**Q** 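Handing you a structure now.
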Number of protein chains: 2
Amino acid sequence: MDHDIKEPDIPEILKSVGLRVTPQRDAILRHIIDRKGHMSADQIYRFMQGSLPNLSVSTVYNTLKSLSDAGLIREIKFGDGASLFDANREPHHHMVCTVCKELFDFYLLATPDLTQIAQQVHFHIEEYHIQVKGICDACQRRMIDVK
Amino acid sequence: MDHDIKEPDIPEILKSVGLRVTPQRDAILRHIIDRKGHMSADQIYRFMQGSLPNLSVSTVYNTLKSLSDAGLIREIKFGDGASLFDANREPHHHMVCTVCKELFDFYLLATPDLTQIAQQVHFHIEEYHIQVKGICDACQRRMIDVK
DNA sequence: TAAGTATATTATAATAACTACTATGTACTA
DNA sequence: TAGTACATAGTAGTTATTATAATATACTTA
Ligand SMILES: [Mn+2]
Ligand SMILES: [Mn+2]
Ligand SMILES: [Zn+2]
Ligand SMILES: [Zn+2]
């Protein structure tokens with residue numbers, strides 16, 4: 001073996017969640033897992049033009065929905081612009097830079113006391129997501145440089 | 001005086017933030033403040049049909065933007081469906097019921113340790129919002145009844 | 001208090017991000 | 001190696017919102 005990092009077996013992952021293996025699903029899931037970051041349906045669609053020129057936008061959306069429903073990826077809706085898809089399935093939250101629009105992960109050291117609040121109003125929490133807006137390091141530096 | 005609760009002086013509020021007083025702005029801000037809850041641009045537009053039948057959808061959007069920019073109302077984007085507008089300017093977060101889609105306020109007892117995390121990655125936090133998804137009390141009861 | 005002007009409103013068109021529909025194609029099953 | 005249930009492609013439709021431009025009006029100032 002030339003490299004220690006094992007490539008994920010995408011067809012096997014798809015089968016494991018009961019999804020049929022198609023070239024479209026294979027390519028889209030592979031791309032999301034490879035790139036690790038957050039990407040929109042349109043970004044995925046445009047990236048695929050090279051390898052799958054006949055891929056339709058509907059298929060991108062259908063695939064992303066299937067992958068999300070199966071729990072293989074996570075959909076992040078910040079309300080501004082398109083949904084972003086994330087291969088990182090660990091529970092984490094997001095900070096978005098209002099300048100460059102880039103999305104950054106963050107992990108909470110201690111979980112906030114939502115359970116207490118939820119119990120008071122008898123709300124059954126399924127999931128929660130902390131959305132932070134602000135300015136990233138790079139954009140802060142850029143603003144200082146301009147001054 | 002017949003009532004102790006003083007009606008808010010809407011024109012005065014608009015002037016105080018440097019906005020011109022128009023019948024459209026007066027009516028929209030009054031409605032949002034009166035109803036207290038969360039409402040979409042379309043809900044506001046439809047409500048206004050009675051009193052301002054010539055009101056245009058653009059004006060609703062423009063007004064909501066002006067009011068938000070002025071800090072008189074807050075826009076909440078959950079990513080599903082339309083933006084909702086909130087007259088409640090106190091810092092608070094939201095729980096949405098996945099069954100009935102109703103939005104509930106909640107107030108955090110202790111602020112989560114976001115500042116530490118932000119300092120580590122040198123992110124300048126402007127605002128944050130905790131979005132909780134789950135099932136509200138009423139819908140939980142309804143589900144038990146059906147069983 | 002009557003222009004004057006900057007701003008607001010209206011109506012319509014345009015856009016972004018999906019979602020629905022349906023004919024065709026294909027991955028899995030037995 | 002069919003048969004069939006499911007997936008894909010292409011197109012049309014929807015929803016929520018933004019852009020444009022002509023008309024109207026709130027506030028200023030003489
Ligand atoms: Mn992430
Ligand atoms: Mn609220
Ligand atoms: Zn940035
Ligand atoms: Zn409910």
Side-chain angles (χ1 to χ4, degrees), chain A residues 9-31 38-49 51-70 72-73 75-85 101 103, chain B residues 9-31 38-49 51-70 72-73 75-85 101 103:
Chain A
D9 186 342
I10 304 293
E12 201 44 55
I13 294 172
L14 289 169
K15 279 179 205 158
S16 72
V17 295
L19 287 175
R20 286 194 180 177
V21 180
T22 67
Q24 294 83 347
R25 284 174 177 174
D26 183 294
I28 290 169
L29 181 57
R30 190 177 302 273
H31 181 55
H38 309 96
M39 59 194 80
S40 69
D42 185 63
Q43 286 175 324
I44 293 166
Y45 173 69
R46 291 201 322 268
F47 177 84
M48 293 299 158
Q49 295 304 315
S51 49
L52 292 171
N54 295 322
L55 178 69
S56 114
V57 179
S58 327
T59 301
V60 176
Y61 280 104
N62 288 337
T63 300
L64 291 171
K65 177 147 199 335
S66 302
L67 297 175
S68 298
D69 289 350
L72 297 176
I73 60 171
E75 182 175 5
I76 299 151
K77 296 179 176 188
F78 244 83
D80 309 287
S83 282
L84 295 177
F85 297 87
K101 314 295 176 196
L103 201 64
Chain B
D9 186 342
I10 306 294
E12 202 45 55
I13 295 172
L14 289 168
K15 279 179 204 157
S16 73
V17 295
L19 287 175
R20 286 193 180 179
V21 180
T22 68
Q24 293 84 349
R25 283 173 178 176
D26 184 294
I28 290 169
L29 181 55
R30 191 177 302 273
H31 181 55
H38 309 95
M39 59 194 81
S40 69
D42 186 62
Q43 285 175 324
I44 292 166
Y45 173 69
R46 292 201 321 269
F47 177 85
M48 294 299 158
Q49 295 304 316
S51 49
L52 292 171
N54 295 322
L55 178 70
S56 115
V57 179
S58 323
T59 301
V60 176
Y61 279 102
N62 289 338
T63 299
L64 292 170
K65 178 148 199 335
S66 301
L67 297 175
S68 298
D69 289 350
L72 296 176
I73 62 171
E75 182 175 5
I76 299 151
K77 296 179 176 189
F78 244 83
D80 308 286
S83 282
L84 295 177
F85 296 86
K101 315 294 178 197
L103 202 63

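Proteins get letters first, then strands, A, B, ... in listed order; numbering begins at 1 in each. Because the structure is a prediction, the values reported are computed rather than measured.
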**Q** Closest heavy-atom contact between B/Phe47 and B/His31?
**A**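 What the structure gives for the nearest pair is CE2-ND1, 3.3 Å.
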**Q** Nearest whole angstrom, please: distance from the P of D/dA16 to the CG of B/Leu64.
**A** 14 Å
**Q** Figure out the CG/C1' separation between B/Asp26 and D/dA26, and round it to whole Å.
**A**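 Spelled out: CG on B/Asp26 to C1' on D/dA26 is 13 Å.
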**Q** Classify every nucleotide of nucleotides 18-29 of chain C by which part a protein heavy atom approaches to under 4.0 Å, writing B for the base, S for the sugar-phosphate alone and - for neither, in 5'-to-3' order.
**A** BBB------BS-
**Q** B/Asn54 CG to D/dA24 C1': how many Å, rounded?
**A**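 The distance from CG of B/Asn54 to C1' of D/dA24 comes to 12 Å, rounded to the nearest Å.
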**Q** Give me the atom names and distance for the closest heavy-atom approach of B/Val21 to B/Pro11.
**A**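 Minimum heavy-atom separation between B/Val21 and B/Pro11: CG2-O, 3.6 Å.
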**Q** Compare side-chain N and O positions of A/Thr59 against OP1 and OP2 of D/dA9 and report whether any pair is under 4.0 Å apart.
**A**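 Checking A/Thr59 against D/dA9: at least one side-chain N or O falls below 4.0 Å of OP1 or OP2.
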**Q** Quickly work out the A/Gln43 CD to C/dA16 C1' distance and round it to whole Å.
**A** 14 Å
**Q** Whole angstroms only, please: what is the CG-P distance between B/Leu55 and C/dA8?
**A**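 Whole-Å distance recorded here is 15 Å.
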**Q** Write down the distance between CE (A/Met48) and P (D/dT8), rounded to a whole number of angstrom.
**A** 12 Å
**Q** For the residue pair B/Thr59 and B/Thr22, establish whether any side-chain heavy-atom pair is separated by less than 4.5 Å.
**A** no
**Q** Heavy atoms only: give me the nearest A/Leu84-A/Ser40 pair and the separation to one decimal.
**A** CD2-N, 3.6 Å
**Q** C/dA8 P sits how many Å from B/Leu14 CG, rounded?
**A**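 To the nearest whole Å, that distance equals 11 Å.
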**Q** Closest heavy-atom contact between A/Tyr45 and A/Ser56?
**A**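 That closest heavy-atom pairing would be CE1-C, 4.1 Å.
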**Q** What heavy-atom pair brings B/His38 and B/Gln43 nearest, and what distance separates the two atoms?
**A** O-OE1, 4.1 Å
**Q** Starting from C1' on D/dA16, measure out to CD1 on B/Ile44 and report it in whole angstrom.
**A** 14 Å
